[in-house]
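Working notes, structure below.
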Amino acid sequence: MTILATDELSRSFPRVTALDRLTISVGPGVTGLVGANGAGKSTLIKILLGLLEPSGGNAQVLGMDVRTRGAEIRRVVGYMPEHDCLPPDLSATEFTVHMARMSGLPRTAARERAADVLRHVGLYEERYRVMGGYSTGMKQRVKLAQALVHDPQAVFLDEPTNGLDPQGRDEMLALIRRIGAEFGISVLVTSHLLGELERICDHVVVIDGGRLLRSSAIAEFTQATETVTVEVEEGQEALASRLAERGESVTADGRTLLVRVRAPETYDALRDAVADLDLCLIRLEQGRRRIEDVFKEPADV
Amino acid sequence: MSESLPAPPSSAPASAPAGVIHDIGYRHYDGPRLSRGHATLALTVHSLRGVFGLGRTVRAKIIPFALFGIMMLPAVVSIAMMAMLKERGMAYSQYTVIMQAIPAIFLASQSPYTVAPDLRFRVLPLYLSRPVTIRDYVSAKLAAMTAALFLLLAVPLTVLFVGELVVDMPGPAQTSEYLASLAGAAGHAVLLAALGVAIASFTPRRGLGVAAVIAFYLLSSGVSGALVGMMESVGDDAAAAWAWLISPFFVVDAAIHVGVFGLDPAADSYPGGFGVAAAILIMLGLIALSVTALILRYRKAASR
């Protein structure tokens, strides 16, 4: 099943070309849309919502054409904008109920859904207070709640981690992961940080200057690279030579050792070597290539 | 994900499962999804409540309800006059025009509330990412302000009419005058709401919106009054009659009360014959112009 698909989609403004013959296809689950500021992410979302007319090409959301069936798309899709969008003199509950009714939910259903969804995003007693006094983290949660309140089939989240501190960022990312995995709502989430999408996405699309750079499943980006990183307190040389004796290939990398994994037995050899030498093990982790590394390589790798 | 939060022991004994909140996970919604019309109506009611400060802070209720109270005073006084002196106070059709400062202040203070916060706090994209269109949004806001003004103008008239029936004045009840004045109130509400919301929509700042609407009222009635005075002093009564039509309050009076129902004018005189058609055309033209300006304004706001 395809959640959204674009075909040679273009959009030019009087002075810039925001999208340039972009062809992508996105399936269910969490999809990251990555690009620098001005890469065309927000333009793409506006076109997908049927709010902006494409200059050329086609786009479909849940099988509906954005040019002709915009209203139907907006009925079953949620949108969380990048910017602030909350009136400060309403409480989160009042606001979310109102937004549910704007999506066509009857009054009672709107109240129930708003209460449910605010609980899911992690707003409890504070939801009865006016939003003017909310922290950025709470505001982001209400913005997410209003995008989910009508139980959409897909949500478009524009830079949901913007302005959050590291802990708030982690919580928001965990929440987005839950929306995709547990709630069964497909997510298109934009960010200019590859690293944070790595943790929550099934699929990543990278655009730059309105053009597709790469579109791949996350597993392809971050497959294990057959190395394991070891850090010990002291006795690094002893460990390296012991492992070399056992036939493992070891390279020193600053304070850490990179050990090539030939077979599962490599892990046993490593464990035994550390135990025999009575070393103090600080860190042992699977070497993963990060998404950033992938994009430093040519796209056809 | 079936984590459960036990309630405080004081409120529920351990044996009572009713005191335990179960997280039953995410539930999908499969109930009805109503049409755009319902959403537009919900937005209208939401905005109308907001105009009177309902669902907002106490401070937001002071101005609309104080103005409402002042608007009721002549009706109360008139009822008292009818009861004690058997004498009529204010005429139905002249009520709005005589009290025009009050609806004008109401319009200036409340119409920015209907549009400015959505622009300033950028709530508009959230509306537009839902099935409602720009047209629906604009009509909901106009309908809310129109309904608010109609309530402000029609409730005192209705109270006055009920008072007249209860007091049982000698002679027949002025039912047709009352109904004509309700039509006038509707005309005033539509024209004023269209002008006020259109002017207010051009700035995201409420204070500026209030100032702009009040400036428009003062300018139009000031220019109208000055021209009338000038023309009367040089003895040109025909030109003075036309000058009244510059004020939005008198133009509705000339079009509906005098033109359609043939009641006495609230001003000295309006242009006759062709002048009636002109008054109706000016009124409709101003409404059309305001609505067009609003739609264009929001097309531009939406494309950003």
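Only heavy atoms go into these numbers, but all of them, side chains included; no hydrogens, no water, no symmetry mates. We name chains A, B, ... by the order of the sequence lines, and we start the count at 1 in each one. Every value quoted in this text rests on a predicted model; they were computed, and no experiment measured them.
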Relative to chain B, which segment of [X] carries a heavy atom at a distance below 4.5 Å: side chain, backbone, both, or neither?
| X | result |
| --- | --- |
| A:Ile179 | neither |
| A:Ile73 | neither |
| A:Gln146 | both |
| A:Val97 | neither |
| A:Leu51 | side chain |
| A:Phe95 | side chain |
| A:Lys46 | side chain |

If you define the side chain from C-beta out and look only at heavy atoms, does anything of [X] sit under 4.5 Å from [Y]?
| X | Y | value |
| --- | --- | --- |
| B:Phe121 | A:Pro88 | yes |
| B:Leu43 | A:Arg101 | no |
| B:Arg122 | A:Asp84 | no |

Distance-minimising heavy-atom pair for [X] and [Y]:
| X | Y | value |
| --- | --- | --- |
| B:Tyr29 | A:Pro106 | OH-CD, 3.4 Å |
| A:Asp151 | B:Arg33 | O-NH2, 3.3 Å |
| B:Val123 | A:Met99 | CG1-CE, 3.8 Å |
| B:His28 | A:Arg113 | C-NH1, 4.1 Å |

*Ring centres of A:His120 and B:Tyr26 under 6.0 Å apart?*
yes
Tell me if the [atom1] atom of [X] is crowded by more than 12 foreign heavy atoms within 6.0 Å.
| X | atom1 | result |
| --- | --- | --- |
| A:Arg21 | CZ | no |
| B:Ile63 | CD1 | no |
| A:Arg67 | CZ | yes |
| A:Arg177 | CZ | yes |

*How far apart are the C-alpha atoms of B:Tyr113 and A:Asp89, what are their side-chain angles, what is the distance that settles it, and do they pass the side chain to side chain contact (heavy atoms under 4.5 Å, CB included) test?*
CA-CA 12 Å; B:Tyr113 173 77; A:Asp89 60 345; 4.0 Å; yes
Contacting region of [X] [heavy-atom separation from chain A under 4.5 Å]:
| X | result |
| --- | --- |
| B:His38 | neither |
| B:Thr40 | neither |
| B:Pro32 | both |

*asked:* Taking every non-hydrogen pair under 4.5 Å, which of A:Glu94, A:Arg75, A:Arg107, A:Glu72 racks up the most with chain B?
replied: A:Arg75
*Sort out for me which of A:Leu49, A:Val130, A:Leu105, A:Leu148 touches chain B most, counting heavy-atom pairs under 4.5 Å.*
A:Leu105
*Once you round to the nearest 0.5 Å, how far does CG of B:Asp118 lie from SG of A:Cys85?*
11.0 Å
*Using a heavy-atom cutoff of under 4.5 Å, enumerate the residues of residues 126-142 of chain B that contact chain A, numbered in order, or state 'none'.*
B:Leu126, B:Tyr127, B:Leu128, B:Ser129, B:Arg130, B:Pro131
_Set of residues satisfying side-chain contact (heavy atoms from CB on, under 4.5 Å) with respect to A:Ser25, sequence neighbours excluded_ = A:Thr2
